[in-house]
Amino acid sequence: MDFDLFVIGGGSAGVRCARIAAGHGARVGVAEERFWGGTCVNIGCVPKKLLVQAGEYGAWADDAAGFGWTIIKEKHDWPALIAAKDREITRLEGIYRKLLNNAGATIFDARATFIDPHTLDVGGKRVTAEKIVIATGGHPERPPIPGAELGIISDDAFFLKQMPERIIVCGSGYIAVEFAGIFQALGAETHLVYRQPLPLRGFDHDMRESLAEALAAQGVILHPRCPLGKLEAAGEKRILTFGDNEKLSADLVFFATGRKPNTSGLGLDKAGVAVNASGAVVVSSKRQTSQPHIFAIGDVTDHINLTPVATAEGHALADTLFGGNPREVSLRNVPSAVFSTPPISTVGLTEEEASAMGPVDVYVTKFTPMRHNLSGRNRKTTMKLIVDQATQKVVGAHMLGEDAPEIIQGIAIAVVMGATKQDFDRTIGIHPTAAEEFVTLRTRTRVAGVAKAAE
Ligand code: NDP
């Protein structure tokens, strides 16, 4: 065999797995056909957060007046932002490549496809490997409506030549609400068209409600309960038909309607690797596919599609296969953030999930952050704890508000450790912060899930 391990895909999962396996002394090859670092570094988390930050600078310039500053804000220079973002992403992509080189992995800037269970075609070259890891990620999916090809997807949004005057963002998942906030903050008239009554299906109801209020307060025009109809072109403009035959014209229509695993054309059938109905590679908790020497990690398995989960899986797999340290990644209490404006962050169960299991004490607080009493900005913070009544363990913590992801990361450690409400209560707050609310929530807002307990 040419390699002990061959990794297909140089994104978050693949790079970590290849790097750690090579560090354990394995002979590792890794192929990437597009860009090192994958979606997260190039057309996902990292550039997205830079765009969110660009929007926040604009808001701070407005808010500064309340603190005595006179700031004259000119129109935002989108091409300058994209050029700065591109420079940073090029730098990061170089770092990813260097990390692999330094670890001793053999890099292939090429597409890899299976010829048989141990043989790959890597850019026209036959390569054999003892073990193979599929880490090919996913891609944005347009909705099945007429004219969908006339809209853009998140891959395109990072390279727009100019800021649209009016944009319609379709969907209300992570990507839709993040980009709605970005475009609105950078000066576009932004419409969010989605089929649910509230955005972010699956998130805690209070957070969803607070997010709808926050989006509206930011100026995003919301169109809830609106299924998509069709998209048409009228010269350079796009006309979207949605809801009850409503029509809206815009410079751009952006579909943020979900992602699909990258499995087509990989030759998985030749390798005997099974996929499910949505095209995701089927894996065990050990990330083993239907072919025992082939593994799959990250978004291609479509379970929790988050970079830190992908890197954790890549690391654990490399330790298991080559480091003499077999282990699995727990997918319980995975914290996450939606970089809406302001962001949402969460760890553990929603009230709906927790109360379906038994009675829970629910603590909710909603307030205007100190800064905005002076800035005058209409922006609220919502914080919420869900406590299992029987054990008093905090089973869910949720926040919408500035710095929510920074705050919840610390709270997540407590939740993962099984902290109780009393542990939160005996922790001294840091004053004056929003975060201190998590340790000063004294008055229970309500009890939920009692019906379950009575059964
Ligand atoms: P999501 O699965 O989060 O959301 C998809 C959205 O599209 C939903 O609102 C869904 O509506 C809607 N939708 C799907 N099909 C249609 C349709 N045919 N017509 C109308 N609406 C439709 O996908 P995203 O693309 O936003 O993100 C993909 C994943 O990437 C996320 O789930 C997350 O795991 C990851 N991600 C994480 C980020 C982070 O950590 N900050 C940032 C970006 C992505 P409905 O709810 O009705 O089904």
Side-chain angles (χ1 to χ4, degrees), residues 11-13 38-53 137-148 151-158 168-182 191-203 205 207-208 211-212 215 222-231 240-243 246 253-262 278-280 298-313 331 334-347 399-400 404-406 408-409 412:
S12 305
T39 300
C40 175
V41 170
N42 295 276
I43 46 170
C45 330
V46 175
K48 177 271 312 286
K49 187 151 180 198
L50 294 173
L51 302 191
V52 170
Q53 288 170 337
H139 61 273
E141 183 85 339
R142 287 182 166 81
I145 61 163
I152 64 160
I153 50 175
S154 56
D155 290 10
D156 309 316
F158 295 106
I168 306 170
V169 181
C170 303
S172 62
Y174 281 76
I175 296 178
V177 299
E178 291 180 341
F179 271 96
I182 290 167
H191 294 254
L192 189 66
V193 174
Y194 51 101
R195 57 190 184 184
Q196 302 298 327
L198 289 168
L200 283 185
R201 181 166 61 85
F203 278 66
H205 186 83
M207 294 297 126
R208 297 176 69 193
L211 176 65
L215 285 164
L222 303 181
H223 303 269
R225 297 187 176 87
C226 286
L228 300 173
K230 62 179 175 186
L231 183 57
L240 183 72
T241 306
F242 59 92
E246 200 172 328
V253 172
F254 179 164
F255 293 116
T257 47
R259 296 177 62 87
K260 279 270 169 352
N262 286 333
S278 65
D299 286 7
V300 75
T301 61
D302 197 18
H303 44 242
I304 299 183
N305 297 333
L306 299 174
T307 291
V309 171
T311 48
E313 286 177 358
L331 297 181
V334 172
S336 75
V338 184
F339 290 91
S340 45
T341 307
I344 290 185
S345 193
T346 162
V347 60
M399 175 173 178
L400 174 141
E406 307 290 342
I408 290 289
Q409 182 68 80

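We count residues from 1, following the sequence as given. First listed ligand is number 1; within each ligand, the first listed atom is number 1.
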Out of all atoms in ligand 1, which are within 4.0 Å of some heavy atom of Leu306? Include the element for each. 37 (C), 40 (O)
Mind running side-chain contact (heavy atoms from CB on, under 4.5 Å) on Phe255 and Ile145 for me, showing each step along the way? CA-CA 11 Å; Phe255 293 116; Ile145 61 163; 4.0 Å; yes
Going by atom types alone, do Ser336 and Tyr174 pair a side-chain donor with an acceptor below 3.5 Å? yes
So, does Arg195 use its side chain to make a donor-acceptor pair with the main chain of Cys226 at under 3.5 Å? no
Around atom CD of Gln53, are there more than 12 heavy atoms of other residues, nucleotides or ligands at under 6.0 Å? yes
Distance from atom 38 (C) of ligand 1 to nearest protein heavy atom, with residue and atom: Tyr174 CD2, 3.1 Å
Considering only non-hydrogen protein atoms, determine which one is nearest to atom 4 (O) of ligand 1 and report residue, atom name and distance to 0.1 Å. Gly173 CA, 3.4 Å
Heavy-atom check, side chain of Glu141 versus side chain of Ile153, under 4.5 Å: no
Between Gln196 (side chain) and Arg201 (backbone), is there a donor-acceptor pair under 3.5 Å? no
Closest protein heavy atom to atom 28 (C) of ligand 1, given as residue, atom name and distance to 0.1 Å: Arg259 CD, 3.6 Å
Judged by atom type as modelled, is there a donor-acceptor pair below 3.5 Å linking the side chain of Arg225 to the main-chain atoms of Pro197? no
My understanding is that we take every heavy atom of each candidate and find the minimum distance to atom 14 (C) of ligand 1. Doing that for Val177, Ile145, Thr257, which one comes out nearest? Thr257
I need the nearest protein heavy-atom contact for atom 42 (C) of ligand 1: residue, atom name and distance, please. Glu178 OE1, 3.3 Å
Best match, Val309, Asn305, Ile304: closest heavy atom to atom 33 (C) of ligand 1: Asn305
Restricting to non-hydrogen atoms, name the atom on Asp299 and the atom on Pro261 that form the minimum distance, rounded to 0.1 Å. O-CB, 4.1 Å
Once you restrict to heavy atoms under 4.0 Å, what part of Ser154 touches ligand 1? Side chain, backbone, both or neither. neither
List ligand 1 atoms under 4.0 Å from Gln196, heavy atoms only on the residue side. 45 (P), 46 (O), 47 (O)
Quick check on the 6.0 Å ring-centre criterion: do Phe179 and Phe158 meet it? yes
Out of curiosity, is Pro144 lining ligand 1, as in a heavy atom under 4.0 Å away? yes
Among the heavy atoms of Lys48, does any lie under 4.0 Å from an atom of ligand 1? yes
Residue of the set Thr341, Leu192, Ile344 for which side chain to side chain contact (heavy atoms under 4.5 Å, CB included) holds with Val177: Leu192
Element-labelled atoms of ligand 1 that are located less than 4.0 Å from some non-hydrogen atom of Leu228: 19 (N), 20 (C)
Taking the six-membered ring for Trp and the full ring for Phe, Tyr or His, determine whether the centres of Phe242 and His223 are under 6.0 Å apart. yes
At what distance is the nearest protein heavy atom to atom 48 (O) of ligand 1, and which residue and atom is it? Arg201 NH2, 2.7 Å
Between Arg208 (side chain only) and Phe203 (backbone N and O only), is there a donor and an acceptor less than 3.5 Å apart? no
Report the nearest protein non-hydrogen atom to atom 9 (O) of ligand 1: residue, atom name, distance rounded to 0.1 Å. Ser172 N, 2.8 Å
Give the residue, atom name and distance (to 0.1 Å) of the protein heavy atom nearest atom 5 (C) of ligand 1. Gly258 N, 3.6 Å
Please compare Ala256, Pro199, Gly202 and report which has the shortest non-hydrogen distance to atom 6 (C) of ligand 1. Ala256
Option of least heavy-atom distance to atom 43 (C) of ligand 1 (set: Leu200, Val193, Asp302, Ile175): Ile175
Any idea which of Arg195, Lys260, His303 brings a heavy atom closest to atom 15 (N) of ligand 1? Arg195
So is Pro143 polar-close to ligand 1, meaning N/O to N/O under 3.5 Å? no
Under 4.0 Å from a heavy atom of Ala337: give me the atoms of ligand 1 that qualify, with their elements. 39 (C), 40 (O), 41 (N)
